[in-house]
Each structure stands twice: as structure tokens, then as C-alpha cells.
Amino acid sequence: MSRFDRQSFLGADSETKLCAGTIGLVGLGGGGSQIVQQTGHLGIGGYVLVDPDFIEETNTNRLIGGTLADVEAAVTKVAIAERLLRGLQKQPRIVPVQDTWHNATGELKRCDIIVGAVDSFKERDQIERFARRHLIPYIDIGMDVHDLGGQKYLVGGQVILSMPGKACLRCCGLITEERLAMEANKYGAAGSRPQVVWSNGVLASTAVGLIAQLLTPWYLETIEFVYLDYDGNRGTLIPDDRMELLRDRTCPHHPSEEAGDPLFDVREFNRRAATPVERADRPSTAPLTGLWRRLGATVAKVLGASNQ
Amino acid sequence: MTAHFKITRRLLESIRRDLERPHPFAYERVGFISAGLSSAEEDLWVLARSYRAVADDDYLRDPSVGAMMGPEAIRKALQWAMSEGVAIFHVHTHGGHGHPGFSGLDLREQAKFVPNFFQIAPQCPHGALVLSANSAHGHIWLDGDKPYKPITRFVEVGAPLNTWSTHEPL
């Protein structure tokens with residue numbers, strides 16, 4: 001028996017297909033770390049892991065794979081994700097990027113699927129636009145806790161599959177100019193958004209199911225636009241009404257004419273090819289140790305807080 | 001250099017449907033695909049945007065070949081490349097299933113007209129594709145004065161994704 005025998009229903013060549021797949025994960029916090037873990041178990045072979053942050057104590061309520069020792073050692077979220085994957089696969093193809101995704105576009109272009117587990121609508125909008133330009137399916141997950149007043153809260157979230165040509169995050173109303181403006185106006189407001197591990201788990205698991213469907217279809221019905229609403233109070237994850245309404249919609253926000261890089265010039269590409277520069281592989285991350293690195297993480301945190 | 005060609009399933013299926021339409025006198029139909037481009041180090045992505053069929057009247061009668069484009073067909077494609085600054089890929093189908101290949105005639109003809117696109121849209125690569133019912137093969141020119149290179153990898157973007165690699169020696 002092989003380790004993937006229990007998932008053989010995914011198809012006779014599913015193990016090969018999953019191993020050949022490469023996914024980009026933008027955001028390796030509560031949701032992203034769950035996706036890392038599950039895709040590692042699933043057998044996906046290639047990863048572009050993107051997150052600029054170090055683990056902090058407030059992450060340990062939900063960051064899968066992160067430990068208290070990692071907090072003490074100021075380990076990066078990318079390093080935690082990589083460690084988790086290397087514990088599950090013999091030779092994963094990992095490109096770790098301890099940076100914002102804007103500085104990882106070359107690596108992300110090589111992905112079959114990009115998953116966004118980010119906090120802001122602006123980032124979602126931009127990542128999706130990048131994915132659309134490069135004809136890459138984008139999966140978005142997110143959760144939020146809404147204060148209903150009187151010590152009552154609503155845990156909500158979404159899982160959305162945004163396929164090139166099909167309805168996008170703007171088509172389904174998740175991204176609106178109003179939300180982007182409100183988010184921009186809140187810049188500088190103190191406080192962190194509530195996040196809990198079990199809700200992240202529901203959303204992340206569903207996203208991994210979509211990844212599996214995209215890479216190794218295991219049932220006949222193909223759905224190219226998915227919009228699932230999560231109600232954490234009721235414990236439901238159900239199709240949003242717009243999922244059916246927008247099923248056949250051609251997205252007007254990302255027209256096909258926008259595919260590609262508008263500044264691309266093959267003559268420049270040829271010039272670079274004629275003078276090859278040795279590619280500097282991004283180093284595999286190693287856990288940061290020592291007083292000085294811990295101090296550096298603290299300084300970075302303070303600078304980040306003062307910029308808000 | 002690794003050349004990738006990506007196209008949505010919706011567009012690819014519409015192209016196949018169009019190419020399978022009967023023509024009044026040509027045995028085959030042909031068309032052109034426009035594409036955007038992107039690159040990262042040695043990887044080049046051709047990202048299909050849209051398709052235009054060669055109009056019925058723009059074929060030449062030549063029973064010795066499957067299809068022969070007239071000068072107006074090529075002029076329109078050149079105009080498209082110039083006005084929109086896009087890569088242009090000639091496309092036709094050989095039908096059947098499995099990995100298709102260009103015929104000797106295909107290779108001779110594409111070597112004649114594809115380099116001309118660099119006269120009016122030198123900032124883009126151009127090329128040619130041949131389809132089957134479930135696969136595709138292609139050549140890409142990065143320079144009008146140099147030989148073509150094979151498109152190494154195809155991705156049909158849909159649910160599920162469908163990817164395949166070229167069988168042509170690099």
C-alpha cells in the first residue's frame with residue numbers, strides 16, 4: 001500500500017497530477033497555514049509560499065505548525081510552512097518568499113493555482129487581478145467576526161473560486177469601491193481582526209477541496225464559479241445565491257484583452273536570454289535564533305506599528 | 001527558454017467549434033488567436049485573448065491543400081497585430097484525438113507568413129498552432145530572422161485544469 005491509497009478515488013493518475021501541481025499561497029497565517037498542512041497531506045508537489053511576517057504570540061491561537069518556541073525564536077511564517085511541508089513530503093518543490101506578493105510575481109506566474117488567505121480587500125483585489133492577467137485560477141478565503149452588540153457576535157466568511165473569464169470577486173460583490181474606500185479610511189486604526197482556528201479550518205479545508213477538483217477531477221460536475229458563504233454561528237457553508245446567478249457570467253472587470261503584461265517586449269526578452277544571469281534561488285528559510293534576530297523582529301514590529 | 005501557451009477552455013472550445021464548420025470549398029478552416037505575453041527569467045507565457053476566424057471569402061481555391069489563405073486574410077491578421085500590439089498565432093485543426101503535429105505543408109507555409117508579423121509588431125512573438133479534439137501543438141517565433149521554437153507546455157484553463165507538454169524535441 002502507498003500513503004495515498006486512501007485517496008485513490010481521486011483518479012488513477014491523481015497522485016502524479018497532484019505531485020506535478022504547483023500552488024501559490026499568499027498569506028500563511030491562520031487560513032494559509034491550514035492550507036499548507038492539508039495540501040502537504042494531499043500530495044501537492046510544488047509550492048510558492050509568500051508571507052513577510054514572523055510568528056507572534058497572538059498567532060499561536062490559529063497558526064498551524066507554529067509553536068511557542070517559534071515565537072521565542074522569531075521564526076518566519078514561511079519557515080514554519082516549509083518545515084511543515086518537508087515533514088510531509090520527501091522532495092517538495094518549495095519556493096519560500098518572505099516578502100509581500102508584489103515581490104514574488106515571477107514565482108507566482110509559475111503556479112497552477114493561487115490561493116489568497118489575506119486580510120485586506122485591496123490585497124484580494126490586486127492578487128486576483130494579477131491571477132486574471134496570467135490566466136491562473138484564484139481561490140480566496142476569508143473570515144470575520146462581526147460585533148452585533150450586546151456581547152453577541154457573528155462569525156462569517158467566504159470561499160470563492162475565481163476562474164479566468166468567469167465571475168470575479170467584484171462580480172459577486174465581495175470587492176466593491178465602497179469597501180476599498182472604507183478599508184483605506186480605516187488605515188491607522190488600532191486593533192487586530194478577530195480570528196479563530198476552527199473557522200479558518202472550515203474555509204481552508206473547502207479551499208483544498210477546490211484545489212483537488214481543479215487538479216484531479218473526481219466527479220463529473222464541473223463548477224467554474226464557486227461562492228460559498230460561511231455562517232459560523234449556524235455551522236453552515238452554503239452556496240451564495242449569486243453562485244447560480246453568476247454561473248455563466250463573463251466577467252466585465254477583467255476582460256480577456258487585459259491578459260498579459262502590457263509592458264512586455266520580446267526584443268528585451270531576447271536580449272536578456274542572450275546574456276543569461278545566474279538565477280539566485282531564494283534560500284530555504286531556517287529558523288531564526290538568537291537575541292539579535294529576536295531584537296530585529298521586535299524592531300520590525302515597532303516600525304510596522306508606528307507606520308499605522 | 002520554456003514557452004507556455006495558456007488558453008481558457010471556453011475560448012479553446014469556441015475555436016474548435018468554429019474550425020469544424022464546413023467551408024464552401026476548403027477542406028479545412030483556419031483562424032488567428034491574439035495573445036498577451038508575460039515572462040519571468042527563462043519562462044515565457046503566451047496568454048490567449050481572443051480568436052478571429054478567417055472569413056469564408058478570404059480563402060483561395062486550391063484543391064491540392066486543406067486550406068489556403070488569401071492575402072486579405074493575412075492582411076487582416078497583420079492589421080490586428082499592429083492595431084492592438086498583440087501576439088498572433090495562426091490556428092487550424094487536424095481533428096482526431098491525441099497529440100497533433102504540423103504537416104510538411106503547414107511547416108512550409110508558416111515559415112513564409114509568420115515572420116512577416118515582426119515587420120509590424122516586432123515587440124511580440126508570433127506563431128502557429130495545430131489542434132486536435134483534445135490536444136494542441138505549436139511553434140513560436142521570438143524573432144522574425146531566427147527559427148521557431150516549440151511551445152513546451154499548454155494549459156487549458158478551466159475546471160479542471162488540463163495541461164500537457166510538447167512531444168517535439170527542444
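Numbers restart at 1 for each chain; the letters A, B, ... are given by sequence-line order, proteins then strands.
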Measuring from [X]:[atom1] to [Y]:[atom2], what's the distance to the nearest 0.5 Å?
{"X": "A:Phe264", "Y": "B:Ser38", "atom1": "CZ", "atom2": "OG", "result": "7.5 Å"}
{"X": "B:Thr163", "Y": "A:Leu215", "atom1": "OG1", "atom2": "CG", "result": "9.0 Å"}
{"X": "A:Gln213", "Y": "B:Leu161", "atom1": "CD", "atom2": "CG", "result": "11.5 Å"}
{"X": "A:Glu224", "Y": "B:Thr8", "atom1": "CD", "atom2": "OG1", "result": "8.5 Å"}
{"X": "B:Leu142", "Y": "A:Phe269", "atom1": "CG", "atom2": "CZ", "result": "6.5 Å"}
{"X": "A:Met163", "Y": "B:Arg9", "atom1": "CE", "atom2": "CZ", "result": "7.5 Å"}

Notebook entry, point to check: Is any side-chain N of the basic residue among A:Lys109 and B:Glu41 closer than 4.0 Å to the acidic one's carboxylate O?
Noted result: no

Item checked: Lys/Arg-Asp/Glu bridge criterion (N-O < 4.0 Å) met for B:Arg153, A:Asp112 -> yes

Check: What are the two closest heavy atoms between B:Pro160 and A:Pro217, and how far apart are they?
Finding: CG-CG, 3.4 Å

Checklist line | Nearest heavy atoms of A:Leu214 and B:Gly158, plus distance in Å | finding: CD2-O, 3.9 Å

Note to self: Report, in residue-number order, which members of residues 110-128 of chain B are under 4.5 Å from chain A by heavy-atom distance.
What the structure shows: B:Pro122, B:Gln123, B:Cys124, B:Pro125

Note to self: Please classify the contact between B:Ile7 and chain A as side chain, backbone, both or neither, with a heavy-atom cut-off of under 4.5 Å.
What the structure shows: backbone

Check: Which answer fits B:Ala87, side chain, backbone, both or neither, if we ask what part of it has an atom under 4.5 Å from a heavy atom of chain A?
Finding: neither

Check: Would you call B:Glu42 and A:Arg272 a side-chain contact if the rule is heavy atoms closer than 4.5 Å?
Finding: no

Within a reach of under 6.0 Å around [atom1] of [X], are more than 12 heavy atoms found that belong to other residues, nucleotides or ligands?
{"X": "B:Arg75", "atom1": "CZ", "answer": "yes"}
{"X": "B:Asp143", "atom1": "CG", "answer": "yes"}
{"X": "B:Arg21", "atom1": "CZ", "answer": "yes"}

Residue part contacting chain B, namely of [X], when any heavy atom lies under 4.5 Å:
{"X": "A:Thr105", "value": "neither"}
{"X": "A:Ile136", "value": "both"}
{"X": "A:Lys17", "value": "neither"}

Margin query: Can you tell me which residue among B:Leu47, B:Val155, B:Leu11 is in a side chain to side chain contact (heavy atoms under 4.5 Å, CB included) with A:Leu135?
Written below: B:Leu47

Note to self: Using modelled atom types and a 3.5 Å cut-off, is there a donor and acceptor pairing between side-chain atoms of A:Arg110 and backbone atoms of B:Ala40?
What the structure shows: yes

Check: Just by modelled atom types, is the A:Glu258 backbone N or O under 3.5 Å from a matching donor or acceptor in the B:Arg49 side chain?
Finding: no

Margin query: Show every ring pair (Phe, Tyr, Trp, His ring centres under 6.0 Å) that has at least one partner inside residues 46-83 of chain B, sequence neighbours left out.
Written below: B:His23-B:Tyr59

